[in-house]
Amino acid sequence: MAEMKYWLLKTEASDYSIDDLQRDGRTCWSGIRNYQARNFIRDDMAVGDLALIYHSNGDPPGVTGIARICKTAYGDPTAFDTKDSHYDPKSTKSEPIWYAVDVEFVSMFPNVISLEHLKNTRNLGGMLVLKRGQRLSVMPVEEKHFRIVEKMGT
DNA sequence: GCCAACGTTGGC
DNA sequence: GCCAACGTTGGC
């Protein structure tokens, strides 16, 4: 088995929150429309990888829990749906441009680990989400950083 | 709602 | 291939 990887997945709490994931148990993580993020999803995510769930535009913005990748990348169904706001006619089922994975609920933190808290945690220096101007909705996380945030959330 | 920091598009 | 215009993200 390949080495386990760690990720950070951004979502807007008003759109799909950790509470929604806990309720659903499992969901299709769709709507990613950035090539760099797409490449992570399509090429690097494996079943069993763990992801920090990050609420952007939250109050406060921050990490709210953990999910696990439970199905590797497949053509993003929202790109095929003419009624969906993420519809993209250039992405076809035979040759998808955009991809989704399935994730399952692992845990919800009792308190949000706020962006400010992350910034003030010295051991998290270099974590991608803290970098200025970092807008990727999917990004890799180093194991050591994942473990620190996981611990902060328990 | 503002705006900085991007990524994408399209004319040339 | 350059780059200006435009759209989006996301903290504040």
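Computation of the quantities below employed the complete heavy-atom set of this structure, encompassing side-chain atoms and omitting hydrogens, waters and symmetry-equivalent molecules.
- For A:W98 and A:F80, the distance between ring centers is not under 6.0 angstrom.
- A:R38 is linked by a side chain to side chain donor-acceptor pair (under 3.5 Å) to nothing, counting only residues two or more places apart in sequence or in another chain.
- A salt bridge links A:R26 with A:D102: at least one charged nitrogen is closer than 4.0 Å to a carboxylate oxygen.
- Between A:R147 and A:E150 there is a salt bridge, since a side-chain N of the basic residue sits under 4.0 Å from a carboxylate O of the acidic one.
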message: Return a single string for nucleotides 4-10 of chain B, one symbol per nucleotide in 5' to 3' order, where B is base contact, S is sugar-phosphate-only contact and - is none, cutoff 4.0 angstrom on heavy atoms.
response: -BBSS--
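- Relative to the six-membered ring of A:F146, A:K144 misses at least one condition, a distance below 6.0 Å or an angle of at most 45° to the axis.
- Within residues 114-121 of chain A, the residues having any heavy atom under 4.0 Å from DNA chain C are, by residue number, A:L115, A:K119.
- Looking only at atom types and distance, the side chain of A:D24 has a donor-acceptor partner in the side chain of A:Y16 under 3.5 Å away.
- Between the side chains of A:N123 and A:T121, not a single donor N or O lies within less than 3.5 Å of an accepting N or O.
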